[in-house]
Amino acid sequence: MTSTTRQLPTGFGRLWTAQTISSLGDGVMQAALPLIALTLTRDPMALAVVSAAGTLPWLLFGVLGGALVDRWDRRRTMWVMDAARAVLLAVPAAAAALDVLSIPLLAAVAFLLGLGGLFFDTAATAYLPDLLGREPALLERANSRLRGAQTAMSGFAGPPAGSALLALGRAVPLLADTVSFLLSALLVRSLPAIPRPVPEVRESLLRQARAGASHVFRDRLLLGLALRPAVGNIAFLAVETVLALFAHDRLGIDTYGFGLLLTAEATGGLLGAGIASYLGRRLGTGTALTCTAAVEGLAILGLAAAPNPYVAGLALAVCGAGMGATMVLGPSLRQAIVPAHLMGRVASTSRMLAMCAAPIGAFLGGWLATTYDIRTPLYAAAVLLLAMTAVTASMTSNRRVEAALRAAAPAGGPDHPASKDPAQESAPDLL
């Protein structure tokens with residue numbers, strides 16, 4: 001992607017601050033939620049239900065949610081969803097304080113939080129390229145900062161804080177996440193409103209949703225970008241479902257140590273996000289994405305074989321670095337080449353594929369751990385990641401990336417109208 005001297009707009013700073021605060025709350029819950037669940041049950045399948053519940057809204061409403069976001073004001077969608085999630089978290093906090101918290105309640109809250117996250121994340125993904133004028137280099141810089149803040153807060157600062165807050169009571173980390181959502185909602189509400197990129201047309205919601213999904217499946221580059229996190233989520237959720245149990249039973253890590261283990265992954269993620277642009281320039285975006293995917297698979301293999309917490313922490317740090325770089329390069333490329341009026345639907349379709357795969361991974365991890373051994377889900381995850389790397393390498397090659405960027409480059413407006421040159425119109429679909 002080409003460089004630019006243009007500065008990020010002032011509104012981006014508020015968006016960055018809002019997502020940083022919200023990510024801190026997410027990090028608190030990332031460590032606290034599985035530990036809260038562990039206080040209620042030791043059944044791996046019950047833990048899998050809680051892990052999977054938050055991803056189910058994407059399976060049920062993913063594409064339709066994207067179509068709705070393309071109809072709605074994106075800024076309003078973001079702050080309303082944050083405010084709603086803040087109110088929702090008061091329910092399990094009260095239940096924890098009254099000592100009536102249960103696995104079914106945790107699963108129900110996780111589902112509703114996931115539903116709010118569906119609309120917020122889709123709206124945020126569609127809002128960012130509009131705010132930045134859809135310039136590839138600006139998108140890469142912005143996503144690097146957003147991803148860096150997310151990994152620093154949700155992984156580096158949040159998990160130890162979540163473990164520490166949990167020691168004060170099961171309701172405390174839930175209340176902390178409530179505050180983070182409220183602050184984020186206030187900041188997002190102050191962002192500039194950006195009109196929808198095209199006037200609303202008289203089409204059914206289902207037909208608009210199908211158009212967005214078709215755009216992803218017809219374009220091999222977009223499909224490759226979507227398949228990577230989809231397969232990756234199967235692997236990562238298989239690991240995440242049993243990670244707390246693996247850390248406790250096999251590595252001898254206590255509650256506070258588990259937070260530090262997640263911090264190691266976040267440290268790597270922060271590094272990966274910081275060097276993503278450099279990797280893209282040196283290797284090309286397509287090759288960089290293939291390399292980071294391979295690194296993730298090898299790192300999970302190292303985690304499975306780890307003989308002690310130090311090796312496990314190093315493996316998670318390396319995995320985090322690969323994930324951090326991937327989550328900057330992939331979304332930046334997608335935002336640069338997808339027309340604005342389809343951005344919500346394309347983003348939600350891609351995210352839906354990833355999130356729908358997550359319950360498979362969660363239940364796979366629980367089943368493998370129950371049937372075989374606690375390390376088996378980790379080995380299975382490593383094999384899946386390496387297989388995915390081989391399958392999708394040609395779909396996201398440098399040649400395909402360059403062709404897609406050339407096709408999008410002539411666009412002057414936010415909708416990226418296609419060039420009249422037939423060769424450019426067909427470039428993203430080259431085999």
Side-chain angles (χ1 to χ4, degrees), residues 11-12 15 18-19 57-85 114-136 138-139 142-143 146 185 188-189 191-219 221-223 225-226 229-230 330-356 404 407-408 411-418 428:
F12 174 76
L15 179 63
Q19 295 207 14
W58 291 91
L59 173 62
L60 301 176
F61 311 113
V63 179
L64 291 176
L68 287 170
V69 167
D70 280 338
R71 291 183 173 190
W72 294 344
D73 180 278
R74 290 160 179 174
R75 181 195 59 135
R76 183 182 296 115
T77 300
M78 288 188 285
W79 75 257
V80 168
M81 289 301 118
D82 264 353
R85 287 186 287 178
L115 184 61
L118 184 161
F119 288 109
F120 181 93
D121 293 346
T122 302
T125 300
Y127 180 85
L128 183 62
D130 291 339
L131 180 66
L132 302 184
R134 310 184 70 80
E135 294 188 19
L138 279 183
L139 287 167
N143 279 309
L146 289 170
V188 170
R189 198 172 189 274
L191 290 172
I194 297 176
R196 289 189 300 271
V198 293
E200 185 174 345
V201 295
R202 293 183 178 277
E203 283 187 325
S204 70
L205 186 66
L206 184 59
R207 184 171 180 179
Q208 288 183 327
R210 283 201 303 264
S214 296
H215 192 76
V216 173
F217 285 100
R218 287 200 307 261
D219 189 307
L221 174 57
L222 289 176
L223 182 58
L225 291 174
S332 298
L333 176 58
R334 184 184 296 113
Q335 288 168 332
I337 64 177
V338 174
H341 69 279
L342 286 170
M343 192 67 244
R345 283 166 283 175
V346 169
S348 65
T349 299
S350 302
R351 186 71 181 274
M352 183 192 70
L353 291 174
M355 298 300 284
C356 287
D415 281 335
H416 289 290

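The first residue of the sequence shown is numbered 1, and numbering continues consecutively from there. Keep in mind it's a predicted model, so treat the numbers as computed, not measured.
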Can you tell me if [X] uses its side chain to pair, donor with acceptor, with the backbone of [Y] under 3.5 Å?
{"X": "Asp219", "Y": "His215", "answer": "no"}
{"X": "Arg345", "Y": "Gln208", "answer": "yes"}
{"X": "Arg75", "Y": "Arg189", "answer": "yes"}

Working to the nearest 0.5 Å, report the span between [atom1] of [X] and [atom2] of [Y].
{"X": "Leu146", "Y": "Phe12", "atom1": "CG", "atom2": "CZ", "value": "4.0 Å"}
{"X": "Asp82", "Y": "Phe120", "atom1": "CG", "atom2": "CZ", "value": "4.5 Å"}
{"X": "Ile337", "Y": "Leu222", "atom1": "CD1", "atom2": "CG", "value": "4.5 Å"}
{"X": "Asp130", "Y": "Met343", "atom1": "CG", "atom2": "CE", "value": "9.5 Å"}
{"X": "Thr349", "Y": "Phe217", "atom1": "OG1", "atom2": "CZ", "value": "7.0 Å"}
{"X": "Arg74", "Y": "Thr122", "atom1": "CZ", "atom2": "OG1", "value": "10.0 Å"}

Residue pair [X] / [Y]: nearest heavy atoms and the distance that separates them:
{"X": "Ala124", "Y": "Gln19", "answer": "CB-NE2, 3.8 Å"}
{"X": "Ser350", "Y": "Arg334", "answer": "OG-NE, 3.5 Å"}
{"X": "Ala209", "Y": "Leu64", "answer": "CB-CD2, 4.0 Å"}
{"X": "Leu205", "Y": "Arg71", "answer": "N-NH2, 3.3 Å"}
{"X": "Leu342", "Y": "Gly212", "answer": "CD2-CA, 4.3 Å"}
{"X": "Gly66", "Y": "Ser348", "answer": "CA-OG, 3.1 Å"}

Legend entry - Non-hydrogen side-chain atoms of Arg351 and Thr125 separated by less than 4.5 Å: no
Inset, instruction - Decide yes or no for Tyr127 and Leu191: does some side-chain heavy atom of the first lie under 4.5 Å from some side-chain heavy atom of the second? - result: yes
Inset, instruction - Run the numbers on Leu68 and Thr77 for side-chain contact (heavy atoms from CB on, under 4.5 Å), then give the verdict. - result: CA-CA 10 Å; Leu68 287 170; Thr77 300; over 6 Å; no
